[in-house]
Amino acid sequence: DALAAGTSYPAITVTVDVSPSALASVTNTATVSGGGESNTGNNTGIDPTAITVVAAPAVTTGTATGVGTSTATLNGTVNPNGLSTTAEFQYGLTTAYGSTNAVSGSLSGSTAQPVSASLAGLAAGTIYHFRVSATNNLGAAEGLDQTFTTIALAPDLAIAMTHTGNFT
């Protein structure tokens, strides 16, 4: 195809399917030729391209902090692995959990990020199980089960006095 001097062709879009085992980067190379030109030193272009692996999120359940008689803060980390990801903490009296507390907002990027959730209204002196869970377009992941025990209420001593009859 003939191309007039000083003009260019439209951009060429190449769509690829990247293997999960692909290298961290690839260099794309394109070469033009023909037309009887005399300067062939500028006929090759290169485009180094970083490969970003996207996957289901990776999660790690941390420890509970700020544990009180009825409160606790659950902690963990979530790596969104390059996709918009939501996270929540599952908690309850057994590993069936039964309750959730969502982490506000969505996560993005490709590094592990700290997440936490504050709980209130817990029973004093009780063992709770919890784990972090995260979901993106490629799947979901749950962290390992952890436990914490809320602080027991201090005993409340009381006394009641009575007497029978009259004193003499």
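Quick caveat: nothing in here was measured; it's all calculated off a predicted structure.
- Rounded to the nearest 0.5 angstrom, Thr60 OG1 and Leu144 CG are separated by 8.0 Å.
- The only option from Leu122, Thr63, Thr73 that meets the side chain to side chain contact (heavy atoms under 4.5 Å, CB included) definition with Phe148 turns out to be Leu122.
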Cut-off 3.5 Å, no hydrogens considered: what does the side-chain donor-acceptor table look like for residues 127-134, sequence neighbours left out?
| from | atom 1 | to | atom 2 | distance (Å) |
| --- | --- | --- | --- | --- |
| Tyr128 | OH | Ala123 | N | 2.8 |
| His129 | ND1 | Asp145 | OD1 | 3.4 |
| His129 | ND1 | Asp145 | OD2 | 2.9 |
| Arg131 | NE | Gln90 | OE1 | 2.5 |
| Arg131 | NH2 | Gln90 | OE1 | 3.0 |

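- The cluster map of Ile, Leu, Val, Met, Phe, Trp and Tyr, joined by side-chain heavy atoms under 4.5 Å apart, puts Ile12 and Ile46 in different clusters.
- Atoms CG and OG1, on Asn79 and Thr111 in that order, are 6.0 Å from each other to the nearest 0.5 Å.
- Closest heavy-atom contact between Ala55 and Leu83: O-CD1, 4.2 Å.
- Clustering ILVMFWY residues whenever any of their side-chain heavy atoms sit less than 4.5 angstrom apart, transitively, puts Leu138 in a cluster other than the one holding Val59.
- Judged by distance alone, with hydrogens and angles left aside, the side-chain atoms of Asn81 form a donor-acceptor pair with the main-chain N or O of Ala56 at under 3.5 Å.
- The closest donor-acceptor contact from the side chain of Asn43 to the backbone of Val32 lies under 3.5 Å.
- In this structure, Thr150 contributes its side chain and Thr126 its backbone to a donor-acceptor pair below 3.5 Å.
- Pairing each heavy atom of Leu153 with each of Ala124, the nearest pair is CG-CB, 3.7 Å.
- With Asn101 contributing its side chain and Ser118 its backbone, the two residues share a donor-acceptor pair below 3.5 Å.
- Residue Gly139 comes nearest to Pro57 through the heavy atom pair O-CD, 3.5 Å, listed as atom of the first residue, atom of the second, then distance.
- In this structure, Asn166 places its CG atom where only 12 or fewer heavy-atom neighbours from other residues, nucleotides or ligands lie under 6.0 Å away.
- At distances below 3.5 Å, at least one donor-acceptor pair connects side-chain atoms of Asn136 with backbone N or O atoms of Pro80.
- Atom OG of residue Ser116 and atom CZ of residue Phe89 lie 6.5 Å apart, to the nearest 0.5 angstrom.
- Hydrophobic clustering (ILVMFWY, side-chain heavy atoms < 4.5 Å, transitive): Leu93 and Tyr97 are in distinct clusters.
- Counting all heavy atoms, side chain and backbone alike, Thr49 lies closest to Asn28 at OG1-ND2, 3.4 Å.
- Residue Ala152 comes nearest to Thr69 through the heavy atom pair O-CG2, 4.3 Å, listed as atom of the first residue, atom of the second, then distance.
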task: Starting from the C-alpha separation in whole Å, work towards a yes-or-no answer on side chain to side chain contact (heavy atoms under 4.5 Å, CB included) for Val67 and Thr149.
output: CA-CA 8 Å; Val67 178; Thr149 304; over 6 Å; no
